[in-house]
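Reminder, nothing fancy here: chain letters follow the sequence lines and each chain counts from 1. Note that the structure is a prediction, hence the values are computed from the model and not measured.
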Protein chains: 2
Amino acid sequence: MLEIIHLEIIQELDKQKSLTKAAETLCLSQSALSHTIKKLEQQLGVALWVRDGRYLRLTQAGLYLLSLSSRILPQLNHAEMMIQQYAEGKAGNLRIGLECYPCYQWLLKVVSPYLEAWPNIDIDVKQKFKFGGLDALENYEIDLLVTPDPIFKEDLLFQPVFDYEQILVVGKNHPLKDKKYIQPTDLLNEILITYPVPADRLDIYSQFLIPAGIVPHQHKTIETTDIILQMVESHRGVTALPLWLVKENMKQFKIAPVRLGKHGISKHIHVGIRKKDQELSYIQSFIDQAMAVELYG
Amino acid sequence: MLEIIHLEIIQELDKQKSLTKAAETLCLSQSALSHTIKKLEQQLGVALWVRDGRYLRLTQAGLYLLSLSSRILPQLNHAEMMIQQYAEGKAGNLRIGLECYPCYQWLLKVVSPYLEAWPNIDIDVKQKFKFGGLDALENYEIDLLVTPDPIFKEDLLFQPVFDYEQILVVGKNHPLKDKKYIQPTDLLNEILITYPVPADRLDIYSQFLIPAGIVPHQHKTIETTDIILQMVESHRGVTALPLWLVKENMKQFKIAPVRLGKHGISKHIHVGIRKKDQELSYIQSFIDQAMAVELYG
DNA sequence: TTGAACTATGCATTATATTCATAGTATGGT
DNA sequence: ACCATACTATGAATATAATGCATAGTTCAA
């Protein structure tokens, strides 16, 4: 009934007061415009213009639609520009899911330069998933999954973005502090503090303690890194964290890193996306920037 | 490019999640809808939906347009309703021009019942015109002219809406008070107070004094009726007003009416409209109500 | 009164939207 | 694993609507 072209016609016609001139700017013939407005008036059952001698003047109904069009058309124009941005991959919403606690610290380093480079991309970070990060990615709840445990599935694409060593963190005066590396048995009498996740997703268990059949004296879970490090600092326990994260916190806390095993635990953070999205430049750019982040160690 | 039907499709498709069902409510075939959305996506250069197995899910660009459509469509729907109102003559803007000072008092009596009867008609009252009321009417600055001096022109239509007698107003103790009617010579020593308009538009001049070649002792002009009546009340002058207006004010002011000449001055207020507008029911209704107004005397 | 500049209109043409018929694809039950 | 079902996609044919052409009608100013 009432189409966008009609609103444009009403505006242009009011500006030019002349069918012929308005037709020109609208890239139509005068005839087409005449036919169009006649049909519109017939459909609406209302005169929108009075033929005032040689020119046209809006009626009250026409004036009403003029005010409508000056409200509507800018919104539509803006929307088309935004869609253009989406089309070029310059606008969007990057929903990032995290499956590891210290990933958040790392993510912060990536996000701020990224936001500057992509002003029309908004970032959401989600840390909890009902069905786990993988499902969230497949179900379009998130667009990018940061995880230390990639799983290769047909429609998903994982790639490592940075490597780090998972080490033991002890207080400055802890007896293990000066060891070149520790053995699983060294933890027999320690209190181990970790984030509250299942033991099979903690590398210190899966790659270090469990293979040796060792269980620490006690296991406590704490949600936040700062509190964990305060506990470690005051010799209330030891923890396992990425080396780079420990180095960043060594000025603030009296703590020290110790290698876990002779060769250390080597970890790789992966970023997963849907294969369908791999061409999106704002996603590819995020991964590029993620790989470029400089971390201590 | 982006059409209203597209916004409707986006909404309906998001509601139903299914091309087939959405096509039904949109009164289209499934095929037509499929073609349409494919073309839209091609034109915009962006995917708006992901074909998620059997159903469709909006992409981020699609979600953006969904939010757009939920802002735009209600505005358009409302506009179409309003246009419908305009078409039925139930909405509009009645701009009334006044060419006589006491007309305003009379107008107030018409307006309030009219506004109740026509809730979507707004009334503007304009009392001053650069080029006079007639031109204002012809140039669509006003839609209805209230005037005691109709001029018959081809494109305009005047009709009398009420008759009244123009009388002299004097203070309660004025010597002329008890005369059955006065002669022009009776005003020789009086101070005549009028609204500030040219003498040829004052009936007391054109129909009473000038034919007799009489000029009053003094002539003062005052803009507001209340102040004029206060002056008359305190015997600072006399004035000429419609009888009905005087009767309305006799409780408030100590004043009295006296007939001007043996047969009085008979006046007719006319309402003028453009001939083109005579079918508009909200205008015709205004005139009907104007004629029905009850006035004293 | 006339010519220039505009608007309106019938008809032919072109472009666009829609449908039909059918192939392709995912889903859930057996 | 297969099949029936319910959906979407697509090419070609068709219907519908928009546009342009040619021209007539109107207005205005010189």
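The nearest whole Å value for the distance from the CD atom in E3(B) to the C1' atom in dT16(C) is 12 Å. Rounded to an integer number of Å, the gap from I37(A) CD1 to dT19(D) P is 13 Å. Following rounding to the nearest Å, K17(B) (NZ) and dT27(C) (C1') show an atom-to-atom distance of 18 Å. Rounded to an integer number of Å, the gap from K21(B) NZ to dT8(D) C1' is 14 Å. Atom C1' of nucleotide dG11(D) and atom NZ of K39(B) are separated by 16 Å, given to the nearest angstrom. Atom CD in E24(B) sits roughly 13 Å away from atom C1' in dA6(D) (whole-Å rounding). Atom CG of L40(A) and atom C1' of dA18(D) are 14 Å apart (whole Å). Atom CG of L56(B) and atom P of dA26(C) are 13 Å apart (whole Å).
One finds a side-chain N or O of T36(B) lying less than 4.0 angstrom from the OP1 or OP2 phosphate oxygen of dT18(C). Within the 4.0 Å cut-off from OP1 or OP2 of dC6(C), not a single side-chain nitrogen or oxygen of S18(A) is found.
L28(A) comes within 4.0 angstrom of sugar-phosphate atoms only, judged by non-hydrogen atoms across all strands, and of no base.
Here H35(A) does not pack flat against the base of dT19(D), since the 5.5 angstrom centre distance and 30 degree tilt limits are not both met.
Aromatic ring orientation, W106(B) versus F162(B): parallel (interplanar angle below 30°, classes split at 30° and 60°).
The side chain of Q30(B) approaches dA9(D) more closely than any other nucleotide in the set dA8(C), dT19(D), dA9(D). Listed candidates were dT19(D), dT18(C), dT7(C). Nearest to the side chain of R51(A) is dT7(C).
Residue Q60(B) forms a side chain to side chain donor-acceptor pair (under 3.5 Å) with just one option from D122(A), N93(A), D143(A), and that option is D143(A).
Ionic pairing of K15(B) and E8(B) is not present here: no N-O contact between side-chain nitrogen and carboxylate oxygen is shorter than 4.0 angstrom. Ion pair E12(A)/K21(A) not flagged as a salt bridge, since none of the NZ, NE, NH1 or NH2 atoms sits closer than 4.0 Å to an Asp/Glu carboxylate oxygen.
Taking only distance into account, the side chain of S31(A) never meets the base of dT7(C) through a donor-acceptor pair shorter than 3.5 Å.
You'll find the side chain of C100(B) reaches within 4.5 Å of the side chain of I269(B), heavy atoms only.
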